[in-house]
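Worksheet: the structure to be examined is printed underneath.
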Number of protein chains: 2
Amino acid sequence: MTEAARHFDALEAQWSSALHSLGRRVTRQRLAVLAAVERSPHATADDAAAAVRAELPHITVQSVYVVLADLTDAGLLRRIETPHSPARYETRVNDNHHHAVCTGCGRIEDVDCAVGHAPCLTPSWAPDSRRMTIQIAEVMYQGLCDDCRETPANPTDQVPDSPQKEQNER
Amino acid sequence: MTEAARHFDALEAQWSSALHSLGRRVTRQRLAVLAAVERSPHATADDAAAAVRAELPHITVQSVYVVLADLTDAGLLRRIETPHSPARYETRVNDNHHHAVCTGCGRIEDVDCAVGHAPCLTPSWAPDSRRMTIQIAEVMYQGLCDDCRETPANPTDQVPDSPQKEQNER
DNA sequence: CACTTATTCTGAATAATTCATAATAAGGCG
DNA sequence: CGCCTTATTATGAATTATTCAGAATAAGTG
């Protein structure tokens with residue numbers, strides 16, 4: 001465990017200096033939230049709050065929201081919006097990766113950029129659209145993971161997307 | 001106007017038969033919602049409700065929500081989730097196009113698929129991820145449109161994304 | 001035209017997130 | 001090292017987006 005602990009100490013040092021050089025104060029709640037999201041990537045605000053409470057039992061969800069929002073626009077966290085689910089956060093920033101979500105169980109996986117590096121930022125515009133200077137390209141893949149393909153309709157699973165609805169039964 | 005009216009009559013006929021062949025009933029509210037979204041693409045549920053009320057003054061937002069959800073999983077509408085904004089809908093379905101949102105004013109533009117057709121569905125997986133069978137690839141570009149680049153900080157504009165927050169002023 | 005049932009309406013509930021204000025503590029300074 | 005300023009957090013409530021349960025309505029079928 002010493003190994004992992006050392007790793008987190010190093011990360012904490014990095015985060016601290018990053019915060020410092022951004023002119024932001026280094027607080028226990030910020031470090032705790034960063035550690036929580038590092039430990040469980042794609043965590044929601046609720047997840048993060050629950051994890052942080054191991055260290056700071058009195059923290060509220062609202063504070064976690066504030067911290068998450070602040071760290072996100074400080075560039076230390078990245079916010080992901082998956083369909084029909086609360087926002088999620090991860091510490092992997094600045095590496096141009098994308099996400100795949102299983103429509104069966106809601107599982108989220110990281111995906112490397114499909115087209116290398118730059119092409120992601122050069123869209124081909126639709127005929128009737130005005131141009132923009134693109135800064136980010138978020139790609140969200142949706143599909144079925146192996147587990148869900150084998151067990152098609154399992155109502156006990158967490159289903160974040162539109163559930164069942166077997167139309168056309170006539 | 002006869003031209004446009006004829007166009008909408010044709011669309012309405014298409015929608016009706018599509019609904020019919022899906023085993024769904026053809027109702028005035030469904031047609032009105034489809035027409036509203038056709039007229040203003042990327043409309044939110046509220047937008048749609050407001051537009052529909054021109055024709056059906058008594059419709060409620062809840063009903064519009066139900067209709068939008070139903071039409072979406074019937075495949076007649078596509079739901080778009082832009083960051084920090086309610087869900088939006090459009091009638092352009094099945095043509096594999098993407099979207100660009102201006103972080104300044106929130107404007108949304110359609111973007112043709114950047115990498116042709118199939119490549120969008122073949123991600124290169126991150127080393128530690130499990131595979132999925134990809135069905136959809138949603139691409140969301142973010143950037144600044146020409147207007148917003150010229151007038152950097154205009155607080156009167158609608159800013160759906162993280163607003164101002166001029167950090168590091170010391 | 002009547003009947004079945006999908007669809008809509010009504011009113012309320014929930015989930016996610018934000019806001020205003022007061023309390024606290026980080027970091028700079030004397 | 002302790003004080004002071006002000007960023008940050010806590011507290012409590014509000015808002016926004018969306019969904020739900022049950023009653024009323026109307027589409028399509030025979």
What nucleic acid atoms does A69(B) come within less than 4.0 Å of, heavy atoms only: base, sugar-phosphate, or nothing? nothing

Using the side-chain contact (heavy atoms from CB on, under 4.5 Å) rule, pick out the option among V93(A), L71(A), D70(A), V33(A) that qualifies with L76(A). L71(A)

Atom-to-atom span, CG of L76(B) to C1' of dT7(C) - whole angstrom: 15 Å

Classify the side chain of R25(A) and the base of dT6(D) as holding, or not holding, a donor-acceptor pair under 3.5 Å. yes

Among dT7(C), dA12(C), dC19(C), which nucleotide has an atom closest to any side-chain atom of R30(B)? dT7(C)

Quick note, P86(B) side chain, CB onward, closest among dC20(D), dA17(D), dT17(C) is dA17(D)

Would you say a side-chain N or O of R24(A) is under 4.0 Å from OP1 or OP2 of dT6(D)? no

Using whole Å, what does the distance between atom C1' of nucleotide dA25(C) and atom CG of L56(A) come to? 13 Å

For the residue pair H97(A) and E90(A), confirm or rule out a side-chain donor-acceptor distance under 3.5 Å. yes

Flag side-chain contact, heavy atom, 4.5 Å: I136(B) against E138(B): yes

For the side chain of T60(A), counting heavy atoms from C-beta on, which of dT11(D), dT18(C), dT18(D) is nearest? dT11(D)

Can a salt bridge be assigned to the pair R24(B) and D73(B) using a cut-off of 4.0 Å between side-chain N and carboxylate O? yes

What integer distance in Å separates Y89(A):OH from dT17(C):P? 6 Å

Measure the CH2-OH distance between W125(A) and Y141(B) for me, rounded to the nearest 0.5 Å. 8.5 Å

Using a cut-off of strictly less than 4.0 Å, decide whether Q29(A) has a side-chain nitrogen or oxygen near OP1 or OP2 of dA10(D). yes

I need the CZ-C1' distance between R28(B) and dT8(C), as an integer number of Å. 12 Å

Rounded to whole Å, how long is the line connecting atom CG of L22(B) with atom P of dA6(C)? 15 Å

Salt bridge flag under 4.0 Å for residues D110(A) and R88(A): no

Counting only heavy atoms and a strict 4.0 angstrom limit, can you tell me which residues of residues 34-48 of chain A come near DNA chain D? none

Rounded to whole Å, how long is the line connecting atom CG of L19(B) with atom C1' of dT7(C)? 12 Å

Taking the minimum atom-to-atom distance to the side chain of T27(A), which one of dT8(D), dT11(D), dA16(C) wins? dT8(D)

Looking across every strand, which nucleic acid part, if any, lies under 4.0 Å from V61(B) by heavy atom: base, sugar-phosphate, or nothing? nothing

To the nearest Å, how far apart are L68(A) CG and dA16(C) P? 14 Å

Could R92(B) and D112(B) be called an ion pair, given the rule that one side-chain N must be under 4.0 Å from one carboxylate O? yes

Do the charged groups of E81(A) and R79(A) touch, with an N to O distance under 4.0 Å? yes

Looking only at dT19(D), dT9(D), dT17(C), the nucleotide nearest the Y65(A) side chain is dT17(C)

In whole Å, I'd like the distance from the NE2 atom of H58(A) to the C1' atom of dG12(D). 17 Å

Think S63(A) has a side-chain N or O under 4.0 angstrom from the OP1 or OP2 of dT11(D)? no

